[in-house]
Structures are given as structure tokens and as C-alpha cells.
Amino acid sequence: MNAKRTILIGLLAMYLPCAGQNPLTTIIQKSSAYTKYRFVFNNPVKYHLQVIYTQVNRDKNNKVSLKKYLLEFPAKRYYYPASLVKLPLTALALQKINELKIKNLSKDTRLYIDSSHTCETREYTDTTAISGYPSIAQYIKRMLLVSDNAAYSRIYEFLSPTYINTHLHQMGYINATINQRFSSWCDSTDNRYTNGFIFLDKDSNAIYKQPSEFDSNYLQNHATSTVIGKAFKYGDRLLPPKNFRHNNYIPFEDENNILLSIIYPHAVKPSQRFKLTEDDYSFLKKYMSMLPRESTHPTYNMTEYPDNFKKYIYFGATGNIEDTTIRSYNIVGRAYGFLSDCAYIKDSKTGVEFFLSVVIYVNKNNILNTDDYQYDIIGLPFMSEMGHAIYSYELNRKKKKS
């Protein structure tokens, strides 16, 4: 047997539990992804590689059950989640609206955002909305359609780090720490302050006033190996490596499980379900799967936002998606050389459906904040290959209905 192939199989056996019975091993070995990217599979620690494949099975009554296979690494080793943190916040925002139980208050209610701290800014208009006003729904649309960072920061402020982390921990995601806006001028102390919100009816009367808040807990993540890279570029200077101890963090398997719970809430434990209505779930799934060009309010230019703008798995190497019968309900992350996608792929024509979550670190020189990352030549093609490999396997997989 070829020596390099022996090394790969040995690595897979090391990281895949019950490797002989795990289809992920076989899929990788037989795929073009293995042929083209064996250097990634041979160096999983260097590339921070994590792959989670989840099969969707149905019984004779069409009840869904999920079976998960992992390329398993230490769960608490740090990777930068970037925009992956947007997914739990979209669900928590809808949940909080439901919990408030205030008459005429909904995700579509017009709102005004006040400011009372150095880092905070006011907002009372939104030119992307058909009404011209901001709302929780509009922020969620922008987050799910094009991974809008400003919209994320507004949802973060509406929820507050106290609400976010308390509820994620209650759901079993005890190692999740979300304590940052996406704003370069806000430090870790600034991010503990959140704006006041006023929700208004059509006559501009206040329906609900949420005061500004300060989180008394000084949050930091408890991941291991939080120092990433050999240097951090700041302007023309190279600084020591960045320590991500005070940055957002959510274990990759937790992020994957949150996606499972949104797509198939009744297939996960009740404690891991968000408190959402059927309309809430439909709303999230609609905008998770929508391509930017399919949206009217907000509207996006295909030149700036091609079809694969936030569709990495399966579509990563495709600018224009012609076959829209294959949909990706997903969330992505892209920063500091970390590229990630948690996706539910569904083909309405063939009936193929599966979950695939992948994170990979593509930073050859290992210097952060340079924009010299190999997203286009390694990361995106790798994710596309992995998506196609799992799709081909699922197309021929025999599903037993009990």
C-alpha cells in the first residue's frame, strides 16, 4: 500500500471512533477530496480540520432520526468561529420576542436604538427595509442572507451577553462564550454595555422599552490553545501572536447541534430546542436557504454578492448556482484564515438530504490579519469537494425504514 495512503488511513482511524463502521472514513478515502487534499488530511492539527457528517433517517411514519459521524479532535481546542455565532443569536432573538409576550410586539415591529456608552451608536432608519425602519426581522434577514456584521451587532445588543450565554448554557452549550459585537472600536469592556431599545407601533407610540444594560460578568472563553499563529499584523508592524481568550467561542460540535435543532427540532432533546413557533422556524429556514439575488428587501447585487457568497459546502467553487433544486440551509464563518460552514443540504428533486459541517484553517504563513489566506485556492474548493462527496454517497445510500 502507498505510504502516504497508509498515513491517511492511520490518521482517520485515530480520529474517527469505530473507524471501520464509520462511513465518513470510506467516503473520504474514495473521494476526489482525498486525492486533491491529502495534505490537509495528513495534517489535521495544522489545518484545524473538523468534519461532522449527519445522516437523516426516517421511519415508516416519516419520523426523523439523526446519526452523526465526526472527524474527532479535542472539543475545546480554539478555532475562530467568526460569523458562526450569528445562528444561535437569530434563534435567541425570536425566542426573546416570544418570551416578552407583549401585545403587538413581534419580530417585524419597528424599533429605535438609543446609545448611552462610548462604543454605542443610535439607529432609527434602515434603508434595506421596505418600511425604511429597523426591526428584529430585518436584522435577521441581513445576517442570514449575507452575514451582515452590523445587523449581528444590533441583535447582540438587543439580547445582551447575559441573556445569550445564560440561555445557551441552559441548553447544554456550557462552553459557548459570546461576548463581542463585530466592531473594531469596541473593546472587551465596551462589549459588556448594550444599548437601550424602544419598539414602536405604526403611530410611533412606544410598545416596549428595553433599558441599556451592563453585564457584570467578565466573560472569557475556556477553550484550549487560544494563542493562534506566529504573529499578528497591525498596520506595518508585526506584533506577537493573538490570544483569543477574550473572543467569541462556541465548540464546533455545539454549532452543528444548533443547526440540527433548527432544521429538525423534534429530532433533538427538548432541552436543546429553542422556544420558537412553527412560523419562527419557517422564517429562519427561508432566509438560511435563500440566495442573495432572490431577496427583494433587502436587495443585493450579484456582482458583490454572488450565489456562493455564503454557500461554501457543495457550492464553494461555483459563483452562479444554476440548479436551485439543491439548497443549502447554512451559516458560515470566515476570518483570520479560519473558514467554516455548517450546512443542511437538501435536493428537492432527488430527495437527498444531509448535514455537513466543516472548519479548516488556511493560513500558509501563519500570520494573522494579513488577508493573505488561501480561501479560494484551498478552503472553498475543499468544502465544495466534501459536499459533493457526501452528496454522491447519500444519492446511493439505502435507507431502512423501521
Side-chain angles (χ1 to χ4, degrees), residues 4 7-8 10-12 14-15 28 33-52 70-85 147 149 175 177-180 182-184 187-188 220-253 255-256 310 312-313 316-317 331-342 357-386:
K4 288 187 177 180
I7 292 170
L8 171 63
L11 285 166
L12 291 174
M14 182 190 305
Y15 290 116
I28 290 172
Y34 160 64
T35 306
K36 296 176 183 178
Y37 300 102
R38 66 181 68 192
F39 61 91
V40 173
F41 294 114
N42 285 347
N43 297 280
V45 175
K46 173 184 176 181
Y47 288 95
H48 289 256
L49 182 65
Q50 294 188 63
V51 181
I52 306 173
L70 291 82
L71 195 66
E72 196 162 14
F73 292 93
K76 294 182 71 176
R77 184 186 180 210
Y78 192 83
Y79 74 100
Y80 186 60
S83 292
L84 290 183
V85 299
S147 199
N149 287 343
N175 292 311
T177 302
I178 299 177
N179 58 355
Q180 287 182 298
F182 287 152
S183 172
S184 58
D187 62 22
S188 56
Q220 60 180 25
N221 70 68
H222 298 287
T224 62
S225 306
T226 55
V227 177
I228 305 292
K230 65 181 183 182
F232 186 89
K233 188 174 183 182
Y234 186 78
D236 295 328
R237 293 184 296 159
L238 285 182
L239 304 180
K242 180 175 175 62
N243 190 335
F244 286 83
R245 177 65 67 203
H246 302 287
N247 289 75
N248 289 336
Y249 175 66
I250 183 166
F252 195 56
E253 188 176 0
E255 181 73 20
N256 176 80
K310 63 172 289 291
Y312 301 164
I313 287 173
I331 197 75
V332 299
R334 178 172 173 151
Y336 296 124
F338 287 95
L339 193 70
S340 53
D341 190 354
C342 294
S357 297
V358 179
V359 61
I360 185 172
Y361 178 66
V362 283
N363 186 2
K364 186 177 181 179
N365 64 21
N366 214 18
I367 298 173
L368 275 63
N369 210 37
T370 64
D371 288 331
D372 183 20
Y373 309 122
Q374 294 73 54
Y375 296 136
D376 293 329
I377 61 174
I378 298 176
L380 291 172
F382 177 82
M383 290 201 174
S384 181
E385 292 280 352
M386 287 299 298

How long is the straight-line distance from [atom2] of [Y] back to [atom1] of [X], given to the nearest 0.5 Å?
X	Y	atom1	atom2	value
Tyr336	Asp371	OH	CG	10.5 Å
Ile313	Cys342	CD1	SG	7.0 Å
Asn175	Glu253	CG	CD	11.5 Å
Gln374	Ile360	CD	CD1	10.0 Å
Leu84	Ile331	CG	CD1	7.0 Å
Asn366	Ile228	CG	CD1	8.5 Å

Please give me the minimum heavy-atom distance between [X] and [Y], naming the atom from each residue.
X	Y	value
Asn179	Asn247	OD1-C, 3.7 Å
Ile377	Tyr37	O-OH, 4.3 Å
Asn256	Ser357	OD1-OG, 2.8 Å
Ala223	Arg245	O-NH1, 2.7 Å
Arg334	Leu380	NH1-CD1, 3.9 Å
Arg77	Ser225	CG-CB, 4.2 Å

Ignoring hydrogens and geometry, is there a side-chain-to-backbone donor-acceptor pair from Asn369 to Lys233 under 3.5 Å?
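Yes, because the side chain of Asn369 sits within donor-acceptor range (under 3.5 Å) of the backbone of Lys233.
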Test side chain to side chain contact (heavy atoms under 4.5 Å, CB included) on Asp341 and Val358; report intermediate values, then the result.
CA-CA 6 Å; Asp341 190 354; Val358 179; 5.7 Å; no
Let me see the working for Val359 and Gln50 under side chain to side chain contact (heavy atoms under 4.5 Å, CB included), right down to the final yes or no.
CA-CA 5 Å; Val359 61; Gln50 294 188 63; 3.4 Å; yes
Run the side chain to side chain contact (heavy atoms under 4.5 Å, CB included) test on Phe382 and Val362 for me, step by step, so that the C-alpha distance in whole Å, both residues' side-chain angles and the decisive distance to 0.1 Å come before the verdict.
CA-CA 11 Å; Phe382 177 82; Val362 283; over 6 Å; no
How about Tyr234: does its OH atom have over 12 heavy atoms from other parts shown lying under 6.0 Å from it?
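No - once you tally the heavy atoms of other residues, nucleotides and ligands closer than 6.0 Å, there are 12 at most.
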For a 4.5 angstrom cut-off between non-hydrogen side-chain atoms, does Lys46 reach Val40?
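No, side chains not in contact.
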Is any side-chain heavy atom of Ile367 closer than 4.5 Å to one of Asp372?
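With C-beta onward as the side chain, the pair stays apart.
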Please check if the distance between the ring centroids of [X] and [Y] is under 6.0 Å.
X	Y	answer
Tyr249	Phe244	no
Phe338	Tyr80	no
Tyr361	Tyr47	no

Val85/Gln180 under side chain to side chain contact (heavy atoms under 4.5 Å, CB included): CA gap, chis, key distance, verdict
CA-CA 10 Å; Val85 299; Gln180 287 182 298; over 6 Å; no
Going by ring-ring contact (aromatic ring centres under 6.0 Å, His included), name the residues that satisfy it together with Tyr79, two or more places apart in sequence or in a different chain.
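With neighbours one apart ignored, the set is Phe252.
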